[in-house]
Amino acid sequence: MGKKLFVLALALAVLALDVHARREGDRQHHDRESSDRRQQRQAFRDLKPRKPREIFRSEGGRIEEYDAGDYRALCDAEFGVKRVTVEPNGLVLPGYKDSHVLLTVMEGRLRAGIVSPFTDKVTEKSVFELKKGDTMAIPRGFAAWLFNDGNQRARFLDVADTTTSCECGRFKVFHLAGSDEQESERSPRRRRESQDESTGNSLLHGFSKEILAQAWGVDESIVQRLREGQKGSQIIKVDEQQRRSLPSVTNSGIYMDFVYRLGDAQPDVYVPRGGEMRQLNSMKMPILKELGLSAACYQLKSGALTAPAWAHNAHKVIYVNEGRGRIEVVRENGEQAVEADMDEGSLLVVPANYPSAKLAGNEGLDFAVIYKTHLPIESYLAGRNSVYKGVPRSVMSSALQIDEQLQQKLEDRRAEEAYIFPRRERQPRRGGEEERSYQFVENLVRVFG
């Protein structure tokens, strides 16, 4: 009898523990879901444009970063963005990144090389010439280098998909050459604690001399001399003799495996007095399908407006290269998320499905858009491809609470225009009921087409 009671008590205890474990698991699951919901509600709360902060400077150039710690939207969208300036004779030392990167040249000319793990390293060396408007796709883990062989500074923008990066909204660079003298003087503990991108010791400093000597089949003294001979990190300035020894361009043309000359391509959209737009996606550059990134470049003339639009399938970043303008972004509840002026260097994150519009200032507006998809899909609120034109007129007139005649006016005003609208000239004033109707149309025309 006592043994049966003991077995029964043991079974009840096990059952109680199982129930407790299930409840604890359900509670933790609920807590995780609640935490996820809170994070989702807090995501993309601050979308105001930002400027970069300098994280590295040398005689050869400088690196600026858009700080994801200050601009949380970069983390939410999983973008990392840096702007790199290379002075004449400046060499961006070879290295690879932990994220797929789309590099866009914003100013000047560069010579660039990329090392593919799928080619013969001895017989095939890919060296490209890059100039303003060119785009270079650098897959994660592919080593690359850049050199400014011109007489003027060059500048490019690195935009990365940081989904696989170790840090939120920031990508890491693994340097194959270079020595940060200040970093080498720090204690091992300080080096481990330092997360500043300005520290640029190469990977060679992390391996022991014994390992490298055996790997290369040389004496340890040669490894030591190699380490001690490296002066400068990340971007260095080369002398004339070194300049002449650098490799010449081996690839040219409008499209190569890793480079697309977007600035030389015919515009996908051209609007007299409005401006032009060029798109780059995986249909034109197949490697972008692997990177999951794409781009568009806009050159708007004074007073021109992009049709309010949203990307269905991707977050995007907008970078202003030249000029000034205003951007507006709207949330799902009709609240204005952003109304801000943007000028050279301004960067803005626009979440997927958030409609936005860009209005150029008096000097025009030159900006680039990087999408987190290889083939973006967009819809528009105005122009000949406006979503409103797909809705029956009777439905729209009821929804907007206007008569069908006024609805027809709205449709006719942008019947032949799309994507980019030139500055509108002021029309002569009218009187009476016609004046009131005309003013109403003018208030809506830039939105509804």
Side-chain angles (χ1 to χ4, degrees), residues 40 43-44 47 267-277 279 281 283 294 296 298 300 303-316 318 325-339 348-360 369 371-425 427 430 433-449:
Q40 288 172 3
F44 301 115
L47 295 176
D268 293 279
V269 175
Y270 173 72
V271 178
R273 300 185 300 108
E276 57 192 40
M277 182 266 286
Q279 294 177 320
N281 54 41
M283 302 291 286
S294 56
Y298 288 77
L300 300 184
L305 174 77
T306 62
W310 65 93
H312 295 216
N313 56 341
H315 305 313
K316 59 187 177 184
I318 298 171
R326 191 174 87 240
I327 186 165
E328 296 185 4
V329 182
V330 178
R331 299 186 188 278
E332 75 283 357
N333 59 0
E335 173 189 336
Q336 192 170 63
V338 175
E339 181 185 11
L348 175 74
V349 174
V350 181
N353 294 298
Y354 279 42
S356 64
K358 304 91 184 171
L359 179 65
V369 184
Y371 301 88
K372 200 176 174 186
T373 178
H374 67 95
L375 196 62
I377 301 171
E378 293 190 294
S379 288
Y380 300 85
L381 288 174
R384 67 169 180 265
N385 52 357
S386 167
V387 294
Y388 288 107
K389 294 194 174 182
V391 181
R393 188 173 300 154
S394 58
V395 174
M396 282 310 309
S397 61
S398 297
L400 296 175
Q401 298 184 25
I402 57 176
D403 59 48
E404 291 190 25
Q405 183 178 4
L406 188 51
Q407 173 67 18
Q408 180 66 50
K409 275 188 179 181
L410 290 171
E411 292 182 6
D412 291 345
R413 295 299 290 270
R414 295 291 191 191
E416 301 301 325
E417 297 173 306
Y419 305 107
I420 298 173
F421 305 141
R423 181 195 293 274
R424 291 189 62 81
E425 302 297 333
Q427 302 292 332
R430 293 161 169 79
E433 186 64 30
E434 187 180 9
E435 165 69 10
R436 286 191 292 273
S437 296
Y438 181 77
Q439 287 179 346
F440 182 75
V441 171
E442 282 296 296
N443 290 335
L444 295 177
V445 69
R446 287 206 165 197
V447 178
F448 297 127

A.B. asks: Shortest non-hydrogen contact from Lys389 to Gly383?
C.D. replies: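 Heavy-atom minimum between the residues: CE-O, 3.6 Å.
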A.B. asks: Work out which heavy atom in Ala307 is nearest to a heavy atom in Tyr380; give both atom names and the distance.
C.D. replies: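 Result for this residue pair: CB-CD2, 3.8 Å.
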A.B. asks: With side chains defined as the heavy atoms from C-beta onward, is the minimum distance between Glu339 and Arg326 less than 4.5 Å?
C.D. replies: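 Yes, close enough: below the 4.5 Å cut-off.
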A.B. asks: Should we say atom CD of Gln336 is surrounded by more than 12 heavy atoms from elsewhere, each under 6.0 Å from it?
C.D. replies: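 Yes, the 6.0 Å shell around CD holds more than 12 heavy atoms from other groups.
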A.B. asks: Answer whether the closest heavy-atom distance between the side chains of His315 and Tyr371 falls below 4.5 Å.
C.D. replies: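 No. Closest side-chain heavy atoms not under 4.5 Å.
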A.B. asks: Which heavy-atom pair separates Ile318 from Lys358 by the least distance, and what is that distance?
C.D. replies: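 Closest heavy-atom pair between Ile318 and Lys358: CD1-CE, 3.4 Å.
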A.B. asks: Could you tell me if the side chain of Ser356 sits less than 4.5 Å from the side chain of Lys316, heavy atoms only?
C.D. replies: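 In contact.
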A.B. asks: Nearest 0.5 Å, what's the CZ-CG distance between Arg423 and Leu300?
C.D. replies: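 The CG atom of Leu300 is 12.0 Å from CZ of Arg423, to the nearest 0.5 Å.
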A.B. asks: So which heavy atom on Leu359 is nearest to which on Gly303, and how close?
C.D. replies: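 Heavy atoms of Leu359 and Gly303 come nearest at CD1-O, 3.6 Å.
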A.B. asks: Nearest 0.5 Å, what's the CD-OH distance between Glu276 and Tyr298?
C.D. replies: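 Glu276 CD to Tyr298 OH: 12.0 Å, rounded to 0.5 Å.
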A.B. asks: Can you find a pair of side-chain heavy atoms, one from Asp268 and one from Tyr419, that are under 4.5 Å apart?
C.D. replies: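 Not touching, per the 4.5 Å side-chain cut-off.
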A.B. asks: Would you call Leu348 and Val329 a side-chain contact if the rule is heavy atoms closer than 4.5 Å?
C.D. replies: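 A side-chain contact exists here, since the closest heavy-atom pair is under 4.5 Å.
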A.B. asks: Do the non-hydrogen side-chain atoms of Leu47 and Pro351 ever get within less than 4.5 Å of each other?
C.D. replies: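 Answer yes - side chains close enough.
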A.B. asks: For the residue pair Ala418 and Asn385, what are the closest heavy atoms and their distance?
C.D. replies: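 The pair with the smallest heavy-atom distance is CB-OD1, 3.9 Å.
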A.B. asks: Quick one: are Gln279 and Pro376 in side-chain contact, heavy atoms under 4.5 Å?
C.D. replies: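 Side chain of Gln279 against side chain of Pro376, heavy atoms only: no contact under 4.5 Å found.
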A.B. asks: Say you draw a straight line from CD of Glu378 to CG of Asn313; how long is it, rounded to the nearest 0.5 Å?
C.D. replies: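 It comes to 8.5 Å.
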A.B. asks: Provide the closest heavy-atom pair for Gly275 versus Ile420 in the form atom of the first, atom of the second, distance.
C.D. replies: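 Smallest heavy-atom distance, with atoms named: C-CD1, 4.0 Å.
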A.B. asks: Please check this pair: side chain of Ser386 against backbone of Leu381, looking for a donor-acceptor N/O pair closer than 3.5 Å.
C.D. replies: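 Answer holds: yes.
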A.B. asks: Taking side chain as C-beta onward, heavy atoms only, is Thr306 less than 4.5 Å from Met277?
C.D. replies: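 They are not in side-chain contact.
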